[in-house]
Amino acid sequence: MENFEPVIVAFCCHYCAYTAADMAGSKRLCYPPNVKIVRVPCSGKVDAIHIMKALEKGADGVYVAGCLEGDCHFKNGNIEASKRVAYIKKLLDEIGIDGERVEMISMSAGMGERFAQTAADMTEKIRKLGPNPAKSFSMDMASNNL
Amino acid sequence: MITAERKPMEELIECLRPYNRILLVGCNECVTVCSAGGRKEVGILSSALQMAFMKEGKTLEVKEMTLERQCDPEYVEELVIQIDQVEAVMSMACGCGVQEIARRFKTKPVFPAVNTEFMGASERPGVWVERCQGCGDCVLGLTGGICPIARCSKRLLNGPCGGSTNGKCEVDPDIECAWQLIWDRLKALGLEDRYEENIAAKDWRTGRGGGPRKIIREDLVK
Amino acid sequence: MQDQNTFKQNHTVLVIGGGVGGIRAAMDLAESNRDVVLIDKASSIGGLMTQLDRTFPTNNCDLCTLSPNLSESSRQLHIELLAMTQVAEVQGEAGDFKLKLITEPRYIDLDTCTACGDCFKNFPECVRFTPGLDHRAPTCMRYPQAIPHAFSIDIEKCKDIDALVKVCKADAIIPEDTQKVRDLEAGAIVLAPGAEVFDPGKLDSLGHAANPDVVTSLEYERILSASGPTQGELIRPSDGKQPQKIAWIQCVGSRSLHEGAASYCSSACCMFALKEAIVTKERFQDSIETAIFFMDMRTFGKDYELYLNRAKDDYGIRLVRSRPHSVFHDPETGSLSIIYTPHDSNTNVTEDFDMVVLSTGFKVSRDVQDLAVKLGIELNEHHFAKTDSFNPVATSKPGIYACGMFESPKDIPETMVQASAAAFCASKNIRMVSESSEAVEEFPPERDVSREPLKIGVFVCDCGLNIGGVINAQGLADYSGTLPDVKVSEMIGHGCSRDALARIQTVIAKENLNRVVIGGCSPRTHETKFQDTLRRAGLNKYLVEIANLRDQNTWVHFDQPDGASIKAQELIRMAVTSVALSRPLTDNIFPMNKDVLVVGGGVAGMNTALSMADMGFKVYLAERSSELGGVAKKIRKTLEGDDVQAYMTDLIERTTQHDRIEVITNAFIVDHTGMPGMFKTGIQIAPQMFYRQITHGVTILATGALPNQPKEYLLGEHEKVMTQLDMDAVIEDQPDKIKDVTNVVMIQCVGSRCPENPNCSRICCQSAIKNALRVLELNPAARVFILYRDMRTYGFQEDYYKTAREKGVIFVRYEADALPEVQADDAQLEVKFNDPILKRKVSVYADCLCLSTGFIADEESTEDLGRIFHIPKTNDNYFLEDHIKLRPVDLSVPGFFVAGTAHAPKTIRECIAQAQAAAGRAQALLAKDTLNLGAVVARVEKEKCAACLICVRACPFNIPFINADGYSQIDPAQCHGCGICAAECPAKAIQLMQYEDDQIMAKLTGLLERVN
């Protein structure tokens, strides 16, 4: 596990976290390339299923990044998202996968530094936790939605 | 609605251990409304189960399907196309759904994914409370619209027990004393007199006392 | 260039000057369906701002904030841009100007030049370049995103014309190009010619001409700029070493008695110097010593005081209150010596620096003065455009408006405000071009792709070196070609350039593509551009997906190119798998409600209301109190001596009499829903508090600020203590009282620049000067003391400060840690303060103590309105605009604008300008007849819906409901598109368009399927 490079999915809300990620770009703030961003209009759009499927498909860590409390463009999407993340953490613990692999993070659109720092911190944390123990070895056996 | 709650993951994992291919079936009625077994929960449980087994190096193939209502044979029939491809079925519906599947597919093992809890109402988003026990002989008309059978811990029919303190039940201080509620409600209705009337001992044969029940509507029977 | 005949000339506004102000004015006019001809004498537009490295107070890179504006401006269909063009002749009057324009030869055909740079590489001396410092690098275009994106040839300097022509692969060089003269008819003219910086060569004691290491602030900016000659390396010109100690000298050419220098204050230089010092420490080395030599630190703008405090406390920038006389160069050490007298001392100090930056002020250039003569407009004594206090952007000639630096020295946000105001005033002189005219681009009908097999095209931008300098863009394009369903994959250079967009359009048509992936920059900024390209190619605009290769990959992983290359492949895969599932969507389009709600009936609110009503819009003016007027109703005179009362009486009468304005007094806003073009606002009207709902398309907040009444210095307790506002009234109403006084003491910054209210109130220095001068006029024998921390008489207010000093007003500085003390002994009022020159405590018995208390935000109203309208506020409770630099009038919630002191403290003149600007911005938004809400809305699949009510309960805006058919219904006109319902639905019956679950899952699949 010496050279383990975790794959981390970050669901970022358009108005704050995704903008902060762009801001990190404008400021040329480096962070590990392990973090891949999926843009959503609001962190409240991130379904528990999305987080579970990301892990099931082999992500080593997932985080949802939304606006600061009270700043959600849609009033309370970030609060809803953080409740869902807490629920998923418990479920993961129940099946023996460290709930720490999933996080809720908040930042404002101007916080490029925080975005970069969070990405670095999360990568470091997942690196310590090691690879997702539930990594599938045959993806073509994945579930069929009917 | 009939309320339910997902069983502990450990129990679910144990019962599925012998199988490699399963069908996970949700229900679009009560368990969807109480967020225990609708399409969304099917998706989450499917992922959780697969991951739990992958962790052990085993691939569990999960087919997901959600029926409009698992307690009606026509809807359950929709499983026919999938059933031969799997070794077992896990149902996220209430006990009725699980049994309906078991009845239809005699050779296929079926497991419940949820514990069916009670007939209840949603108190506020995310909180459900028991309101009815299906005794078959409703007394709500006598008790101000509050059921002493479902909501009194001791199912008392004629006033509270000695354990009612400040409107709370001695079984658990979080439970409101049903008879306190009944009294308050009768008072508000100006029907204090009714409290004095005795409710006769209940004939429990209309409930579970008479064995499993059945309803027949002659005019509808085909 | 567009064919000039397509312009209906009498609808046209001529905007002179293509700096930020001119661009803003042109864009506002174009957005409100007016035709604009934008001319600039330079070879590309952008003005001074494009030469800056970063701007205060955000310290953002300017190019990144400005260039989208520039490209937007060149894209606007109503705008014709003429570079290298000047006005030769003007005739006629408002509504019917006849002009002759002269365009200098560029020797390059704009349509064919690809800006490849070959001409410059081979013949650097033949290509024109203007910004400061040595002019040869790194590109001869003024800045990398120059518009027009083309070079310009200096044919005089070219010795071998044939060789130059041959070097151009595009055949764009036209040696026979000549000056072109063209006639233009225009209804109005907006002047935004900007200013030039003072040439410090005239002050030889500062050694700018002799010492390469003495630079102007603009030259220093070029050194810091990534597009400058040092490519953003901080090196001193003489020896190429990084300086370790840098000094800034303020007021070079401003507040000065030197010949050729200006007496006024240039307003922006204090912030400019602070910014340069902060950026120096932030970007290069914290150990670099920075010192700013200044007289008064004039950080009077919105939140600027906080910036000053940060500079001092967090960055350790040394502020030296002194005006150095000379800079000497030591030839042995190479260092520069500054000799100065500290303000609290009488001995000279000599200090050595590696570099000296001269904060040179602004002045109106000779060319612009000549232009003013041609146009027949009056200039003031400083050669700036003369305008009226109550009509701040109108010049002396009707139909001609001035904005930005040409009106008075100012910073970018104020320029933006005036530009919008000038554009608005100009638009009154001309008719609107109807929206259905040829100006709206027609897109071909959309092709039905539903039955076609997937044909995905991937286009990878290298964005110059931004992407291509970190990863192999061609290699990435090759890789993308191997992905499933990808039919074409190409590397296209600057993907957002005109050529590349045309190329994408061609390839879509040729290959019959039905899905497109762009690997480029952020969809936040560029999605619309690529969506337009798809529409031109006959595809639905939602069939494109952008992989953010630049902002979220190469810009942040340039330290590890291998990691960036792998991530780039992953991002492309995610985009390809998800675009495969994208579906054509239809935007939700609704009719626009064009009524206007103005909240607040002060000077800003009434001006906004009148401006909009005069343009034909119905205006509801809601005022919380029982009458119109606000704070301005209490003010008698301006600093310039204008009669505010007469103005206000007239303004109130015009407002109440206007057919299209409905004034609602005693009005309290209680609820609000909707979006721009279809707002609903509930108002309760006192005293009965009956409820009324108003439907409107835009909302303008002009709720004002409150005169501060801090409980300090016996204010409200002693009859001789009053505010400047009280004093203003006493002077007018009880002049006899003034005639009897011996001593008047004024204390500045009472309740401002203090921990409870850290910002500067901006107006108090000029009100103190105003009242001091009026006291002396009534009673020349009176002694007037002004106890101050920094005199912030910016711009032409400086003249009055100078007059006050000449007339004997005694100015005494005090420090924040040694405040003046006031004691009352019955009727006696004693003021004690330190005199820094005498170095002792002085005591004055005051007959009148005037406190300059300034403004404080109306917390109660901004708090309530901020909550009801979801408008963010600053820490000190003023409304926070959308972009403090470039969008000072727009609020962050679309359809909301701010004017007046609800935004920040300002003078009446500045309030009126912002009111006109708000009207202009609102007019631009209301110019469209329909409202496009996009396609991102939640849609219910009724077959799956269990009518569980979870969406009804989860929606933050209460939009979903269970309809008569028993399933959830979501009105697309009201849906805000957050997707919370979709995420919560337990039956998965709700999908958010453009972000459907299968598309999100596909992204995860694209990313992860090959991870293992």
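On a predicted model such as this, the values are computed, not experimentally measured, just so you know. Chain naming here is simple, since letters A, B, ... match the order of the sequence lines and numbering starts at 1 in each.
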Which donor-acceptor pairs under 3.5 Å do the side chains of residues 8-18 of chain A make with protein atoms, sequence neighbours left out?
{"residue": "A:H14", "atom": "ND1", "partner": "A:R39", "partner atom": "NH1", "Å": "3.0"}
{"residue": "A:Y18", "atom": "OH", "partner": "C:N548", "partner atom": "ND2", "Å": "3.1"}

Tell me which of these, [options], has more heavy-atom pairs under 4.5 Å with chain A than the rest.
{"options": "C:C955, C:P523, C:C981", "answer": "C:P523"}
{"options": "C:K567, C:R524, C:R550", "answer": "C:R524"}
{"options": "C:H976, C:Q994, C:K1003", "answer": "C:H976"}
{"options": "C:G979, C:A564, C:S578", "answer": "C:G979"}

Examine whether an atom of [X] lies under 4.5 Å from a heavy atom of chain A, and if so say whether it belongs to the side chain, the backbone or both; otherwise answer neither.
{"X": "C:D997", "result": "both"}
{"X": "C:N466", "result": "side chain"}
{"X": "C:Q552", "result": "both"}

Inset, instruction - Step by step, work out the ring pair (Phe, Tyr, Trp, His ring centres under 6.0 Å) result for A:H50 and C:Y995. - result: CA-CA 12 Å; A:H50 301 154; C:Y995 296 93; over 10 Å; no
Legend entry - Heavy-atom side-chain contact between C:K988 and A:D47 under 4.5 Å: yes
Legend entry - chain C contacts, top residue of A:C42, A:P33, A:C30, A:G25 (heavy-atom pairs, under 4.5 Å): A:P33
Legend entry - Interface residue of largest heavy-atom contact number with chain C, from A:P32, A:A119, A:C72, A:A81, under 4.5 Å: A:P32
Inset, instruction - Answer with side chain, backbone, both or neither: which region of A:S43 has an atom nearer than 4.5 Å to a non-hydrogen atom of chain C? - result: neither
Legend entry - chain C contact via A:I37 - side chain, backbone, both or neither, heavy atoms under 4.5 Å: both
Just by modelled atom types, is the [Y] backbone N or O under 3.5 Å from a matching donor or acceptor in the [X] side chain?
{"X": "A:T123", "Y": "A:V35", "result": "no"}
{"X": "C:R939", "Y": "C:M993", "result": "no"}
{"X": "C:N588", "Y": "C:A935", "result": "no"}

Inset, instruction - Assess the side chains of A:E69 and A:N78: does a donor N or O sit below 3.5 Å from an acceptor N or O? - result: no
Inset, instruction - Indicate whether any N or O donor in one side chain lies under 3.5 Å from an N or O acceptor in the other, for A:D22 and C:S522. - result: yes
